[in-house]
Every structure is written in structure tokens, then in C-alpha cells.
Amino acid sequence: MAAPGARSCNLSGLLPAQTSLEYALLDAVTQEEKDGLVYQYLQKVDGWEQDLSVPEFPEGLEWLNTEEPISIYKDLCGKVVVLDFFTYCCINCVHLLPDLHALEHTYSDKDGLLIVGVHSAKFPNEKVLDNIRSAVLRYNITHPVVNDADASLWQELEVSCWPTLIILGPRGNMLFSLIGEGHKEKLFLYTSIALKYYKDRGQIRPNKIGIKLYKDSLPPSPLLFPGKITVDHVSNRLVIADTGHHRILVVWKNGQTQYSIGGPNPGRKDGIFSESSFHSPQGVAIMNNIIYVADTENHLIRKIDLEAEMVSTVAGVGIQGADREGGAKGDEQPISSPWDVVFGRSGSEVQRDNILWIAMAGTHQIWALLLDCGTLPKKNELKEGTCLRFAGSGNEENRNNAYPHKAGFAQPSGLSLAAEDPWSCLFVADSESSTVRTVSLKDGAVKHLVGGERDPMNLFAFGDVDGVGINARLQHPLGVTWDKKRNLLYVADSYNHKIKVVDPKTKNCTTLAGTGNASNIIGSNFTDSTFNEPGGLCIGENGQLLYVADTNNHQIKVLDLETKTVSVFPVFTSENAVVDGPCLAEKPKTLPKLPKSAPGVRLSPVAACPGQTLQFKLRLDLPSGTKLTEGASSCWFLSAEGNEWLLQGQIPSGEIESISNQPTISLQIPGDCLSLEAILSISVFLYYCSADSSACMMKGILFSQPLQITDTQQDYIPPVELKYIF
């Protein structure tokens with residue numbers, strides 16, 4: 001029901017006025033002009049004879065993260081409210097969450113702002129409260145969420161797209177709508193001016209809303225939402241993406257943990273294991289003691305060297321990219337929500353795996369990272385480190401095509417490789433189209449295997465039906481693995497809570513394990529056992545065992561394909577690995593002091609907003625006839641005197657190993673900025689000597705970078721080059 005004296009409405013009522021505002025904002029140059037335009041718009045909308053009022057939350061809806069159900073016209077009266085219409089499977093909705101987190105860090109309910117998630121499910125599985133509860137925990141959503149299972153608010157307001165934001169005034173009156181992702185600047189602009197406008201009129205109330213976080217009631221467990229798993233076929237080990245703990249576990253087959261890398265909190269740090277951090281990692285692949293990780297919410301591909309016990313970044317720049325082509329060197333190439341990785345070869349004549357295939361869920365594509373020089377179908381020779389699109393237009397579709405760049409995927413989330421003939425393909429779990437597809441390794445052609453339907457634009461052809469080809473039905477599958485021994489493909493049919501098996505020769509798809517109910521039962525056989533949104537799986541022991549990341553049960557389950565029995569894989573603490581423990585305390589590094597004679601370079605000011613990442617590229621030249629001193633650690637480190645908050649969660653220092661391949665230094669502006677101006681100091685120390693090592697010396701330089709913190713997010717901030725000739 002709507003508020004007394006108001007008229008119920010839908011989003012179309014806002015469209016004419018907001019469209020005029022947005023055209024005017026395009027011509028605005030200064031922040032003051034933009035603020036003024038939004039303020040004038042609010043005066044106009046607030047002066048309408050009748051409010052465009054949203055309907056009240058229906059009685060009987062299920063709520064999360066609150067002490068009791070919330071009323072728009074009682075509890076939220078006097079608040080500026082952001083309604084986030086989302087569904088937890090949607091990658092665009094996931095991309096929006098960092099913007100909402102940043103907004104919550106900027107304004108609290110005491111300031112007059114509250115965000116309410118309105119979960120409006122796409123898939124039947126997403127209507128179940130327990131499944132939404134798991135997603136709320138997995139994505140660290142700390143604001144109230146209501147389960148609008150029947151989409152009653154969605155339909156009344158005529159919402160048409162996930163995600164959609166609707167900003168309300170203190171009377172439940174609609175002010176703005178934002179459709180899709182990528183509107184952070186407008187979100188902050190509209191909410192900040194709305195808060196100011198209604199505070200000026202005394203209509204904002206500072207009362208607190210009763211928040212009760214589900215995560216605070218959870219007992220500790222060895223795993224939290226494990227997303228993916230892989231087998232090290234050389235040693236007796238498993239690699240587990242312990243996604244909810246933001247870490248990678250390397251575990252012996254007896255369950256003993258050899259390495260725990262990262263966690264328990266999210267972060268983005270390279271370095272030694274005790275310093276490194278990840279953010280919701282998913283896909284993992286291991287070869288020769290090297291693990292590659294799809295570090296999903298950092299938008300990175302990370303490399304873990306188990307022998308050196310070091311973590312590094314090989315692709316991505318740490319912020320979500322929109323590039324659909326690629327082609328740059330990996331660590332300079334922006335990427336978007338990589339979800340799975342698998343090794344491959346660029347040709348039958350190549351003797352070792354030289355490609356890392358990437359399921360790029362964020363841009364609905366399949367990408368490749370060249371681990372060595374090689375070629376892709378219809379491509380010239382590519383340099384080592386190149387990261388580029390292989391298949392997929394970037395449009396969210398279920399489109400098959402002989403030309404890989406004309407094909408369309410819908411949030412590809414699982415990969416497996418069948419390199420041998422006659423298959424010679426990648427299998428793709430294409431989650432949002434509820435299909436499994438193939439990508440030819442010979443020419444890149446994308447073909448249908450099972451699930452979905454023929455209309456490439458219909459992403460709602462899901463269900464739970466065993467059958468052949470297009471007559472089979474899946475529901476948001478997230479993982480696939482190839483059984484070379486039997487020539488069969490196993491599928492984590494995630495939202496059906498089943499493991500299915502596909503014969504690619506006949507396209508026959510049948511249920512292997514699971515009842516279809518989301519629970520945690522170890523039965524006497526496959527069909528009696530249950531799962532809860534399994535996200536990944538892999539084959540081990542020469543085809544005897546199938547390991548399943550049973551994500552929402554926080555377990556790894558083991559399916560014996562010969563005895564048809566199911567068991568739980570144990571994860572134990574060992575003496576040299578930490579499971580569910582705090583981050584190891586970092587030992588303070590002893591850094592050298594700059595010589596008094598060290599020159600200083602003051603750089604031009606850079607403007608950035610909270611959450612944006614700045615990059616600084618070292619471009620240092622040594623005197624002719626000299627080289628870096630072997631055995632002496634040339635290095636850089638960051639400082640910010642009086643503004644130490646700027647360095648919280650950053651990588652504060654690093655080594656310079658080569659003049660020909662100098663590092664790029666990244667700094668992400670924190671979400672909570674304590675000052676609008678700061679100076680970042682970048683100190684560099686170089687130890688070098690003459691070519692014959694007859695004379696060695698240490699030189700230093702100080703780069704001073706003034707920073708101006710703004711509310712305006714720039715689409716792209718070019719890297720700052722730190723140039724100096726010694």
C-alpha cells in the first residue's frame with residue numbers, strides 16, 4: 001500500500017524530468033554546476049502536487065540483516081533510501097556492490113541514508129531465503145535485504161533490468177532511478193545532494209535502524225563458500241579456492257593443509273605468502289608448482305609460486321575493466337571478473353601448455369593469457385604476457401557462431417579442456433544462459449552442447465530436465481570438468497544442486513548425483529546424496545574420484561565414480577599453515593634512509609575519487625656502463641606523512657629487480673578519506689656498479705605526488721611516469 005494522500009507510481013513517471021536533468025549534466029563543467037542542477041531538480045520534483053510514492057513493502061516478506069521487518073512509511077520516514085533491485089546470480093549486480101559499499105562508508109543511517117536490497121529472483125533457486133542468505137554472506141552485504149520472491153515491488157514499479165537503483169526521499173517519494181552498473185558518480189551526486197536538500201528543510205531524521213547481521217551468528221568452519229578446486233596431478237595435492245575466506249589452500253590428499261595463502265579478510269597484495277591477499281578468488285590451475293588464480297573481485301589473474309613462496313599479478317590492474325578486445329601486456333590489461341582458468345596449448349606442435357584460458361564473466365567472453373610466445377586461431381604470433389579476447393562479442397547472449405568474435409556468452413563461469421581429437425575444444429559452463437557450450441581450439445568456433453534454447457536472446461530457458469542437447473535443462477551451471485578416461489563431461493548444475501554428466505558425442509545429459517534439494521546429506525549412493533549450489537569440480541586419481549566444491553555447504557565432497565559413494569574431504573590445520581586464523585603479523589621492514597644529497601621531484605597534482613586506483617610507472621635510467629648490483633636489494637617504498645590513512649591496505653614497498661623491466665606501483669584511494677588533499681612520497685633506492693664491478697654506489701630519489709580527493713570519478717587516469725636519469 002502507498003502512503004496516505006500519495007499516488008502509487010512506476011519508474012516511467014520519473015523519466016521526463018530525470019532525462020532533462022541528465023542532458024543538462026552533460027553540459028556542466030564544474031562540480032558546483034552539477035550540484036546546483038541536481039538541487040534545482042529536487043526543488044522541482046519536491047514541489048509536484050503529488051509525490052511519486054513507492055508502495056509499502058508487503059506484509060509477510062522475509063528479511064535479512066534486520067532485527068525485524070522494515071516499513072518504508074514508518075521506519076524509513078526521514079531517510080534518503082536507495083532501493084537496490086538485484087538478483088544474486090547477476091554479475092552486473094555483483095559489480096554494483098563495491099559502489100554501494102563505498103556509499104555506506106560515506107553516509108550512515110545517522111546521516112540520513114539507508115540502502116535496502118530488494119532481491120527479485122531470476123531463477124527459482126534464488127527465491128529460497130537460505131540461498132539468498134548465503135549470497136548475502138558471500139558478498140559481504142551488510143544492509144537490510146528483503147526477499148521479494150514474487151517480484152511484487154518489481155512489477156508494481158515496472159522495473160525491467162538487474163540491477164536497478166531507485167533513490168527515495170524522506171516521504172517514500174521517488175527521486176531518481178539508475179539502471180545497470182557503472183553509475184557511481186551519479187549515485188554519489190544524487191544521494192549527497194538529496195541529503196543536503198532535505199537537511200536544509202529539516203526533514204532528515206538521525207534515528208538508527210536495527211541491523212542484525214547474519215554473519216555475526218555463524219560458527220567458524222575450515223572452508224567458507226569454496227568456489228573452485230583443482231588437482232595437482234604430479235604431487236598428492238588439491239588446490240582449493242576458499243572463496244569466502246579470501247584465500248587459496250594447498251592441501252595434501254589426507255586433508256592436511258600445506259599452505260594457506262591470503263585471508264581471512266579481502267585485500268589486494270602481492271609478495272610473500274604471509275603478506276599476500278585476495279578478494280573472493282574463484283578459478284585455480286596448477287602446473288609445475290605454479291598456481292594461477294582468478295582473483296575475481298580484484299579483477300586480476302594472480303600467480304602463486306610455491307617454491308619461492310611468492311604471489312604476483314600477471315593480468316589486470318586491480319579495477320574493473322570494460323575493454324572487450326585486450327591485447328596489452330597482462331599486468332597492463334584491465335579485465336573484468338575472471339571466474340575460472342585452465343591451461344592449454346596454442347597448437348598441436350607445441351610441447352607444453354603455454355596459454356591460460358580465462359572465463360571472463362564480467363564481459364561475457366573467453367580470454368587468453370600467453371604464458372609463452374604462441375599463436376591463437378586467426379592470430380599472428382603473440383608475445384609472452386599478452387592478454388586478449390579469444391571468443392565472445394561481449395554482448396550477453398546465448399549465441400553460437402563459427403566466428404568466435406561474433407558468438408555471445410552470458411557470464412561464463414567454468415572451463416575445462418579436452419585437447420585430444422576428436423574433441424579439441426574448451427567446454428564452457430555458461431551460467432546465465434544455463435547452457436554448456438564448446439569453443440574449438442582449432443578455429444574458435446562456438447557451438448552448443450546442452451541446455452538453453454535456439455533463441456540467442458532468451459536467457460530464461462532453464463530447468464532441471466535430463467535429455468539430449470537442447471531438450472536438456474540446466475539452471476545456472478558454474479563448473480565443468482573433463483574425464484579423459486571415459487570421454488565424459490561432468491557439470492556442476494549449481495542451482496539444481498546436482499552433478500550431471502554429459503556425453504559430448506551423443507549430447508546426452510543425465511543426473512549423476514544429487515536429489516535437486518539444497519541440503520547436506522551423505523547418502524548410501526549418488527542419488528541419495530545432496531548438495532547446495534556446487535560451484536566447481538575436478539577429476540583425480542586417474543578418473544576414479546570426482547572432487548566437488550559444494551559451495552553453500554562449505555565443504556569439498558568426494559564422489560567415487562567406481563563405487564558410487566560420496567564422502568566429505570577433511571581439511572585439517574597443520575603446523576606450518578593457518579586455517580581460520582588471523583593474518584600473520586607483518587614484521588616491520590627496515591628501510592634505508594634517503595641520502596641528504598638525494599634529489600626531489602615534485603609531480604603535477606592528480607585528482608582522484610575514493611576507490612580509484614592510481615598507477616606509477618618507474619622509468620629510471622642508470623649511467624652508461626653500469627648495472628644493478630647483484631645481491632643488493634634496490635627498492636621503492638611509499639610514505640604519506642600526516643596522512644598515513646592513505647596507505648592502509650596498500651602494498652607499501654617492493655623490489656626493483658631489473659632496469660629493463662621496472663615495476664608499476666599501484667595505490668587505491670581508500671573509501672574513507674580523512675582529508676581532501678595529501679602528498680604521497682615515493683622513495684626509490686638504487687644500488688648499482690660499473691660493468692666490471694670495480695665501483696659500486698647507492699643513489700636515491702624522492703618523488704612527491706600531490707593528491708586531490710574529489711567526488712568526481714574519471715573514467716581513466718593515465719599512469720604517472722616516474723622518470724629520472726642518474
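Residues: numbered from 1 along the sequence shown. Only a predicted model underlies this, so the values are computations on that prediction, with no experimental measurement involved.
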Could you go step by step and tell me if Thr296 and Gln282 meet the side chain to side chain donor-acceptor pair (under 3.5 Å) rule? CA-CA 6 Å; Thr296 304; Gln282 288 282 347; 5.1 Å; no
Evaluation steps, side chain to side chain donor-acceptor pair (under 3.5 Å), between Asn553 and Asp550: CA-CA 6 Å; Asn553 281 327; Asp550 193 7; 2.7 Å; yes
Phe409/His364 aromatic ring centres below 6.0 Å: no
Glu126 side chain to Ile132 backbone, donor-acceptor under 3.5 Å: no
Does the side chain of Ser337 pick up a donor-acceptor pair with the side chain of His95 at under 3.5 Å? yes
Exam field: side chain Gln365 to backbone Gly392, donor-acceptor pair closer than 3.5 Å: yes
Sequence-distant partners of Asn542, side-chain hydrogen bond (donor to acceptor under 3.5 Å, both in side chains), two or more places apart: none
Backbone N/O of Lys498 and side chain of Asn496: donor-acceptor pair under 3.5 Å: no
Salt bridge (Lys or Arg N to Asp or Glu O under 4.0 Å) involving Lys500 - partner list, sequence neighbours excluded: Asp464, Asp493
With a 4.5 Å cut-off on side-chain heavy atoms, are Val136 and Asn65 touching? yes
In terms of side-chain heavy atoms, does Thr530 have a donor or acceptor partner in Asn517 at a distance below 3.5 Å? no
Taking it one step at a time, do Asp560 and Gln544 satisfy side chain to side chain donor-acceptor pair (under 3.5 Å)? CA-CA 6 Å; Asp560 190 315; Gln544 180 181 346; 3.1 Å; yes
Please check if the side chain of Glu397 supplies one atom and the backbone of Arg399 the other of a donor-acceptor pair under 3.5 Å. no
Quick check against the 3.5 Å criterion: does Arg247 have a side-chain atom that pairs as donor or acceptor with the backbone of Asn265? no
Residues forming a salt bridge (Lys or Arg N to Asp or Glu O under 4.0 Å) with Arg437, sequence neighbours excluded: Asp430
Mind listing the closest non-hydrogen atom pair of Ser336 and Thr363 along with its distance? CB-CG2, 3.9 Å
Mind checking whether Leu64 and Asn147 have side chains closer than 4.5 Å, heavy atoms only? no
May I ask you to say whether Lys485 pairs ionically with Glu420, meaning some side-chain N is under 4.0 Å from a carboxylate O? no
Is the side chain of Thr257 donor-acceptor paired with the backbone N or O of Phe572 at a distance under 3.5 Å, no angle test? yes
Do Thr527 and Asn525 have side-chain atoms, one donor and one acceptor, less than 3.5 Å apart? yes
Over all atoms of both residues, closest heavy-atom pair of Asn298 and Gly267: ND2-O, 2.8 Å
Do Leu388 and Leu370 have side-chain heavy atoms sitting under 4.5 Å apart? yes
Taking only residues two or more places apart in sequence or in another chain, which ones pass salt bridge (Lys or Arg N to Asp or Glu O under 4.0 Å) with Asp483? Arg486
Whether Asn92 side chain and Trp162 backbone form a donor-acceptor pair below 3.5 Å: no
Any salt bridge between Asp372 and Arg352, counting N to O under 4.0 Å? yes
Mind checking whether Leu415 and Phe427 have side chains closer than 4.5 Å, heavy atoms only? no
Lys228 vs Trp339 side-chain heavy atoms within contact, under 4.5 Å: yes
My understanding is that only residues two or more places apart in sequence, or in another chain, count here; which of them pass ring-ring contact (aromatic ring centres under 6.0 Å, His included) with His405? none
Phe278 side chain near Pro266 side chain, heavy-atom distance below 4.5 Å: no
Please name all residues satisfying ring-ring contact (aromatic ring centres under 6.0 Å, His included) with Phe569, sequence neighbours left out, ordered by chain then number. none
Can you say whether the rings of Tyr259 and Phe273 are parallel (under 30°), tilted (30 to 60°) or perpendicular (over 60°)? perpendicular
The residue among Thr435, Leu489, Val480 that forms side chain to side chain contact (heavy atoms under 4.5 Å, CB included) with Leu449 is Leu489
Would you say the side chains of Glu533 and Asn125 form a donor-acceptor pair under 3.5 Å? yes
Go through Trp423 and Trp482 one step at a time and tell me if the ring pair (Phe, Tyr, Trp, His ring centres under 6.0 Å) criterion holds. CA-CA 11 Å; Trp423 319 112; Trp482 176 243; 5.6 Å; yes
Give a yes or no answer on whether the side chain of Ser413 reaches the backbone of Gln411 with a donor-acceptor pair at less than 3.5 Å. yes
Counting C-beta onward and ignoring hydrogens, is there a side-chain heavy-atom pair between Val284 and Ile286 closer than 4.5 Å? no
Hydrogens and angles aside, do Asn552 and Arg138 bring a side-chain donor and acceptor to less than 3.5 Å of each other? yes
Check against ring pair (Phe, Tyr, Trp, His ring centres under 6.0 Å), His497 and Phe531: CA-CA 5 Å; His497 316 290; Phe531 305 86; 9.4 Å; no
Apply ring-ring contact (aromatic ring centres under 6.0 Å, His included) to Tyr139 and list each qualifying residue two or more places apart in sequence or on a separate chain. none
Can you name the residues that form a side-chain contact (heavy atoms from CB on, under 4.5 Å) with Lys442, not counting sequence neighbours? Asp421, Ser424, Ser440
Would Lys557 and Asn520 count as having a side-chain donor-acceptor pair, cut-off 3.5 Å? yes
Holding to side-chain contact (heavy atoms from CB on, under 4.5 Å), I want the full list of residues that pass it with Ser494, two or more places apart in sequence or in another chain. Leu478, Ala492
For Lys122, what residues pass the salt bridge (Lys or Arg N to Asp or Glu O under 4.0 Å) criterion, not counting sequence neighbours? Glu432
Counting only N and O atoms by type, is there a donor-acceptor contact under 3.5 Å from the side chain of Thr243 to the main-chain atoms of Pro226? no
Which heavy atom of Val439 sits nearest to which heavy atom of Gly444, and what is that distance? CG1-O, 3.8 Å
I want to check a possible cation-pi pair here: Arg237 against Trp252, using under 6.0 Å from ring centre and within 45° of the ring axis as the test. yes
Would you please indicate if the ring centroids of Tyr495 and Tyr88 are separated by under 6.0 Å? yes
Note: Ala359 and Gly414 closest approach over all heavy atoms is CB-N, 4.5 Å
Taken in chain and number order and not counting sequence neighbours, the residues that satisfy ring-ring contact (aromatic ring centres under 6.0 Å, His included) with Phe86 are His119
side-chain hydrogen bond (donor to acceptor under 3.5 Å, both in side chains) partners of Asp340, counting only residues at least two apart: none
Does some side-chain heavy atom of Ile304 sit less than 4.5 Å from a side-chain heavy atom of Ile261? yes
Around atom CG of Asp443, are there more than 12 heavy atoms of other residues, nucleotides or ligands at under 6.0 Å? yes
Polar side-chain atom of Asp232 near backbone of Val234 as donor-acceptor pair, under 3.5 Å: yes
Going by the angle between their ring planes, with limits at 30° and 60°, are His554 and Phe225 parallel, tilted or perpendicular? perpendicular
